[in-house]
Enquirer: 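My structure is below; once you've seen it, I'll send some questions.
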There are 2 protein chains.
Amino acid sequence: MRLEEAAEKLKEGIRSRSLMVLVGLMEVFYEGRASSSLGEGERLLIIKQDGSVLVHRPTGYEPVNWQPPGSMIDVAVRDNELVIEARRLSPEEILRITVKKVYSLETYRLEDSAEFAMYATEEEMKRAILLEPSLIEEGFKPIEDERRAGRAGFVDIFGVDSSGNIVVIEIKRRNATSEDVKQLVSYVREIEGELGRRPRMILVAPGIQKSASKMLAAHGVEFRCLSPRKCHEILRRGRGLDEFLG
Amino acid sequence: MRLEEAAEKLKEGIRSRSLMVLVGLMEVFYEGRASSSLGEGERLLIIKQDGSVLVHRPTGYEPVNWQPPGSMIDVAVRDNELVIEARRLSPEEILRITVKKVYSLETYRLEDSAEFAMYATEEEMKRAILLEPSLIEEGFKPIEDERRAGRAGFVDIFGVDSSGNIVVIEIKRRNATSEDVKQLVSYVREIEGELGRRPRMILVAPGIQKSASKMLAAHGVEFRCLSPRKCHEILRRGRGLDEFLG
DNA sequence: CCTTCCGTTAGGCTC
DNA sequence: GAGCCTAGCGGAAGG
């Protein structure tokens, strides 16, 4: 591909915040917190939709040079070289990639809104509690999961405690917010109508925001600290590694 | 691209130790030192010539999942899904990528034998001081570098000042922390036992955190401001520009 | 904003 | 191989 053509494509991709993958012969210079230089070689250059820039050699896990998200990227053709400069302020850093030959250059607009779940999803946290109900408290017995709470939605776990009280559990894989407290209360309000008495409400999460923790007492909501990581260990213990390796 | 076709191309690329870049719709699971799952989304999958595997989302500097060099990679088509598994032993880890759609898949054999040169590292700061000891103070004379400080580790530079006092220097390329002050003190405590008297302690860094600067006087530690960039310039001056640019 | 701490840290070095 | 330390660490959480 001609360098001028590549330059235009790159400029357009940067303008439209696209992901670009360029394979070619290039040199790389970096100056900022440290400085580095890397002579001619065939490499993979990735420019992401948020302005991240990565230069990868044919081997190794790490990029040899990079610029974090938010850098300003300039593209120009000078002296028969395609020069890509990614600048960043604070700290002031510049990454200059001098491309001599372009073997391929592709542009993509990718959609990726999936949630990255480290250790366990909310669903897996629920399974860990169903497998080991004492995570909530001694004597807790789950009865249903995903019980309908009127028009308000679904309750994660529905059960009884050792004294026969009904218990409604809401699970979050991240720190609980005041919104979560309100949601649990509104679910229980629906159920209360059906049952004629107010169940215990327990919010389960790895932590809770200060503002949310202040609301707990006023709404009669209890909090149990439980992390995705702990749930993962419980599930792993419960079923062994086989599921993954078989 | 059809999944069967992509699978064949991937297998051939792995066999021939090529670099492959796949863009498509995929799910990712990882289990090993930790565990993670990531639902469907459009991503960039890179398989390198040495068996490194990287999964990049459309934004962010870091791969969302990966496998370091040397992993065993299996490819198969099952239930209309292209399943790529990268396994590694010690630690036992598995990365499973389930590709639903392949937008593009390219294979490359890249040649990159250039040497990567990094400047203004801590090592270079030390060399700059050894080359120009007056950076510390007039009359300073380095005696040893990397002197062993008992069980505590190594001291960066060991020398004497114009009055014959022993001087111990600790270098940091980033702002000095209270941890650095403590480390220097603990090194010197070891040396003190050997020498029978307390040397001067000088912490060299481009800056110092407020909390650390408060500790200096109490521990008798001195601070010299010196940036990696300045050291880089001194070395460049010392040996001429040629080595860097030629 | 700054500081502190953690990571599937990775990677390099020594023992 | 295990242990220790550094990094253009990056990133998150807390002040």
Side-chain angles (χ1 to χ4, degrees), chain A residues 28-38 50 52-55 57 59-71 86-88 90-95 116-119 174-175 206-210 227-229 232 244, chain B residues 28-38 50 52-55 59-71 86-96 116-126 146 148-149 151-154 156 170-180 183 187 206-214 227-229 232:
Chain A
V28 188
F29 296 92
Y30 155 77
E31 174 109 27
R33 285 168 292 178
S35 59
S36 74
S37 74
L38 178 62
D50 60 355
S52 323
V53 179
L54 305 167
V55 181
R57 307 188 80 169
T59 59
Y61 152 83
E62 291 185 312
V64 63
N65 282 106
W66 70 91
Q67 201 66 282
S71 63
R87 288 157 197 280
R88 159 194 202 204
S90 154
E92 186 168 327
E93 292 187 298
I94 180 166
L95 176 63
F116 180 66
M118 181 70 125
Y119 290 109
R174 36 111 187 120
N175 284 3
I208 183 161
Q209 292 181 356
K210 206 168 241 171
S227 69
R229 182 170 194 156
H232 173 248
F244 263 93
Chain B
V28 189
F29 296 93
Y30 156 76
E31 172 101 26
R33 284 165 294 179
S35 141
S36 74
S37 67
L38 179 61
D50 59 356
S52 324
V53 179
L54 305 168
V55 180
T59 58
Y61 153 82
E62 291 186 311
V64 62
N65 284 106
W66 68 92
Q67 201 65 283
S71 64
R87 287 156 198 278
R88 146 193 212 211
L89 318 167
S90 140
E92 187 169 322
E93 291 188 300
I94 180 167
L95 176 63
R96 179 186 298 141
F116 179 66
M118 172 79 88
Y119 311 107
T121 58
E122 201 169 290
E123 176 63 27
E124 289 222 338
M125 289 181 74
K126 188 167 72 182
E146 293 293 339
R148 174 131 217 115
R151 240 164 259 93
F154 286 90
D156 286 326
E170 175 70 24
I171 304 167
K172 293 293 166 191
R173 69 175 314 288
R174 34 101 185 137
N175 284 3
T177 65
S178 24
E179 210 45 53
D180 300 328
Q183 190 187 46
Y187 283 173
I208 183 162
Q209 293 181 356
K210 209 170 243 173
S211 57
S213 83
K214 286 182 197 156
S227 69
R229 186 172 294 213
H232 181 48

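Each chain gets a letter, A, B and so on, in the order the sequences are listed, and its residues count up from 1. Being a predicted model, the structure only gives us computed values, none of them experimental.
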Enquirer: Evaluate the side-chain proximity of B:M125 to B:D156: yes if any heavy-atom separation is below 4.5 Å, no if none is.
Expert: no

Enquirer: When the P atoms of D:dG8 and D:dC4 are considered, how many whole Å apart are they?
Expert: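 So the two P atoms sit 23 Å from each other.
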
Enquirer: Here's a test of your reading of the structure: between A:K210 and B:S90, which maps to the more 5' nucleotide of DNA chain D?
Expert: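 Closest to the 5' end, via its nearest nucleotide, is B:S90.
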
Enquirer: Distances for protein N/O vs nucleotides 6-10 of chain D N/O pairs under 3.5 angstrom?
Expert:
residue, atom, partner, partner atom, Å
D:dG8, O3', A:R33, NH1, 3.4
D:dG8, N9, A:Y30, OH, 3.4
D:dG8, O6, A:N65, ND2, 3.1
D:dG8, O6, A:W66, N, 2.7
D:dG8, O6, A:W66, O, 3.1
D:dG8, N1, A:W66, O, 2.5
D:dG8, N2, A:W66, O, 3.4
D:dG8, N2, A:Q67, OE1, 3.1
D:dG8, N2, A:E93, OE1, 3.2
D:dG8, N3, A:Y30, OH, 3.3
D:dG8, N3, A:R33, NH2, 3.0
D:dG8, N3, A:E93, OE2, 3.3
D:dC9, OP1, A:R33, NH1, 3.2
D:dC9, OP2, B:R173, NH1, 3.2
D:dG10, OP1, A:R33, NH2, 2.9
D:dG10, OP2, A:R33, NH1, 3.0

Enquirer: Output the distance between atom CD (B:E170) and atom NZ (B:K126), rounded to the nearest 0.5 Å.
Expert: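 Taking CD in B:E170 and NZ in B:K126, the distance rounds to 10.0 Å.
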
Enquirer: Nearest heavy-atom pair of A:R57 and B:F116: which atoms, and what distance?
Expert: NH1-CB, 3.9 Å

Enquirer: Taking C-beta and beyond as the side chain, do A:S37 and A:V28 meet within less than 4.5 Å on heavy atoms?
Expert: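 With C-beta onward as the side chain, the pair stays apart.
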
Enquirer: May I ask you to decide if B:G60's main-chain N or O and A:D50's side chain share a donor-acceptor pair within less than 3.5 Å?
Expert: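 At least one qualifying donor-acceptor pair exists.
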
Enquirer: Taking the nucleotide of DNA chain D with the closest heavy atom to each, which residue, A:N175 or B:G60, is nearer the 5' end?
Expert: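 Nearest-nucleotide comparison on DNA chain D picks B:G60.
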
Enquirer: Let me spell it out: for each of A:Y119 and B:I208, pick the nucleotide of DNA chain C with the closest heavy atom. Which residue's pick is nearer the 5' end?
Expert: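 The residue whose closest nucleotide sits nearer the 5' end is B:I208.
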
Enquirer: Taking the side chain from A:R88 and the backbone from A:L95, do they hold a donor-acceptor pair closer than 3.5 Å?
Expert: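 No; zero donor-acceptor contacts below 3.5 Å.
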
Enquirer: Rounded to whole Å, how long is the line connecting atom CG of B:L54 with atom C1' of C:dT9?
Expert: 14 Å

